[in-house]
Amino acid sequence: MHRSPVSFASFDTRPLSSSLGAEILGVQLSRGVNKQLFQDIYQAFLEYQVLLFDVQPLSPGQQVEFARFFGEVQIHVMNQYHSDAYPELYRLSNVDEHGKPNGKYPDKGTMAWHTDGSWRQITGQATILFAEMMPSHGGETHFCDMYGAYERLSPEWKERITGLRAVHNLDFSRNRRHAEEPMTDAQRRQVPPVDHPVVRTHPETGKRCLFLGDHAEYIVGMDYDKGRKLIDELNNLAIHPDLIYAHRWLPGQLIVWDNRCLLHRGTEYDVEHEPRVIRRCTVLGEIPQE
């Protein structure tokens with residue numbers, strides 16, 4: 001059963017699933033966002049974790065302008081994906097210079113469950129995706145609720161991980177299992193590993209959630225292999241089918257979500273024959289706290 005719709009001063013919503021997500025009805029971001037509208041959008045963002053804005057034209061500049069309402073927009077270290085004259089935008093595309101599919105997944109690490117920017121000391125707050133081109137099958141984006149994942153851990157697990165910190169490392173997540181090395185030595189030097197609490201408290205809702213995903217490499221003070229095993233176990237325990245919203249994209253849709261309490265991933269599609277082009281920007285948040 002879906003959650004009940006909530007009305008805000010500026011718009012109505014339609015829940016996307018029983019656990020998380022809402023469609024924002026009747027808002028055209030290309031027409032501009034004022035203070036009241038953004039306050040309502042942000043309240044819905046905290047309430048639902050994932051917000052969908054239906055098909056509408058939105059230029060790269062308008063996407064960045066909307067992102068800036070949330071805060072400082074990240075300029076990603078992997079600058080080979082920067083696009084549209086905006087370094088804040090990260091363009092994931094399998095389309096070559098002739099407009100044809102090139103047979104390659106862009107940034108394959110995005111297909112593992114992760115949270116954006118956890119490899120920085122100041123992690124990702126909101127991520128905003130805009131779909132330019134989408135395949136007829138696959139290429140979805142899935143989201144999983146980490147509030148619910150933490151709540152479902154046994155008391156023994158909660159006690160076991162209290163106070164633990166995990167080291168997050170972009171170089172590790174990008175090179176571990178994708179048989180490619182997309183980062184240069186200079187890029188690696190710009191983003192050294194950082195550690196964060198395994199369980200964080202959301203700075204605005206006050207709720208506790210798991211904070212791991214594919215960027216988490218090992219546990220501070222623990223044997224490396226034992227820490228790896230623990231992280232893999234927790235990442236598997238975190239994923240519950242009824243805590244997932246699976247989004248099937250239409251070109252022109254925009255989604256914004258809260259990285260602080262979600263994991264997300266992309267899904268496979270026919271990279272040989274079908275184009276998929278999506279623009280992403282991530283807003284920086286804060287240093288995670290226990």
Side-chain angles (χ1 to χ4, degrees), residues 29 33 38 41-42 45-46 49-51 53 58-93 106-132 141 143 146 166-175 182-184 186-197 200 202-204 209 211-217 254-266 277-289:
L29 296 172
V33 177
F38 182 73
I41 289 172
Y42 200 80
F45 169 76
L46 295 177
Q49 303 162 260
V50 179
L51 300 181
F53 294 81
L58 198 72
S59 70
Q62 289 169 328
Q63 182 178 353
V64 173
E65 182 180 357
F66 177 55
R68 287 175 180 155
F69 275 92
F70 289 85
E72 180 185 353
V73 186
Q74 177 194 77
I75 297 178
H76 202 287
V77 66
M78 292 170 66
N79 55 12
Q80 62 266 41
Y81 293 105
H82 291 180
S83 76
D84 302 298
Y86 290 92
E88 300 93 339
L89 290 178
Y90 192 85
R91 194 167 188 257
L92 295 169
S93 169
D107 195 1
K108 289 175 69 176
T110 60
M111 298 172 70
W113 288 105
H114 66 286
T115 179
D116 289 338
S118 69
W119 39 270
R120 294 184 54 147
Q121 185 180 33
I122 297 176
T123 61
Q125 178 218 44
T127 291
I128 300 168
L129 283 190
F130 180 81
E132 292 186 0
T141 302
F143 305 91
M146 291 298 103
V167 171
H168 293 242
N169 184 353
L170 182 63
D171 183 36
F172 164 78
S173 62
R174 284 301 171 267
N175 295 335
M183 296 178 69
T184 66
Q187 289 171 339
R188 292 184 180 96
R189 288 193 294 271
Q190 289 182 59
V191 287
V194 297
D195 61 276
H196 297 304
R200 74 178 291 183
H202 193 289
E204 295 179 271
C209 54
F211 192 68
L212 285 171
D214 198 53
H215 298 309
E217 180 178 5
L254 179 141
I255 283 185
V256 55
W257 70 87
D258 193 338
N259 280 289
R260 299 167 293 186
C261 53
L262 293 172
L263 292 181
H264 67 280
R265 67 173 181 181
V277 181
I278 203 156
R279 301 193 308 250
R280 185 183 86 193
C281 52
T282 298
V283 179
L284 299 176
E286 54 283 308
I287 299 173
Q289 302 296 319

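In what follows, residues are counted from 1 in the order of the sequence shown. Computed from a predicted structure; not experimentally measured.
The nearest pair of heavy atoms linking T115 to H264 is CA-CE1, 4.2 Å. Closest non-hydrogen pair, V73 versus A67, comes out as CG2-CB, 3.8 Å. Nearest heavy-atom pair across A166 and L212 is CB-CD2, 3.8 Å. Looking at every heavy atom in both residues, D214 comes nearest to F172 through O-CE2, 3.9 Å. Here the closest heavy-atom approach between residue G285 and residue Q125 is recorded as CA-CB, 3.6 Å.
Judged purely by distance below 3.5 Å, without hydrogens or angles, the side chains of T127 and N259 pair a donor atom with an acceptor atom. Using a 3.5 Å distance cut-off with no hydrogens or angles, the side chains of S118 and H168 do pair a donor with an acceptor.
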Would you please test L29 and Q62 for side chain to side chain contact (heavy atoms under 4.5 Å, CB included) and show each step? CA-CA 8 Å; L29 296 172; Q62 289 169 328; over 6 Å; no
- Going through the checks in order, is the side chain to side chain contact (heavy atoms under 4.5 Å, CB included) test met by L129 and T141? CA-CA 10 Å; L129 283 190; T141 302; 4.2 Å; yes
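Summarising the geometry, atom SG belonging to C261 is positioned 4.0 Å from atom CD belonging to Q49; distances are rounded to the nearest 0.5 Å. Remark: T110 OG1 to D116 CG distance equals 9.0 Å, nearest 0.5 Å. Separation of atoms CD (E72) and CD (Q74) is listed at 9.5 Å; rounding is to 0.5 Å. In this structure, CG in L89 is found 10.5 Å from OG1 in T282, a value given to the nearest 0.5 Å. If you take CE on M146 and CH2 on W113, they are separated by 7.5 Å, rounding to the nearest 0.5 Å. Atom CG of L58 is separated from atom CZ of F130 by 5.5 Å, given to the nearest 0.5 angstrom.
In this structure, the side chain of E132 does not engage the main chain of R279 through any donor-acceptor pair within 3.5 Å. No donor-acceptor distance shorter than 3.5 angstrom exists from the side chain of H114 to the backbone of L263, with no hydrogens or angles considered.
D258 places none of its side-chain heavy atoms less than 4.5 Å from the side chain of E204. Between L46 and R260 there is a side-chain heavy-atom pair separated by less than 4.5 Å.
No option in P197, C209, P203 other than P197 meets the side-chain contact (heavy atoms from CB on, under 4.5 Å) test with P288.
Contacts of F143 classified as ring-ring contact (aromatic ring centres under 6.0 Å, His included), with partners at least two apart in sequence or in another chain: W257. In this structure F38 satisfies the ring-ring contact (aromatic ring centres under 6.0 Å, His included) test together with Y42, F69, F70, sequence neighbours excluded.
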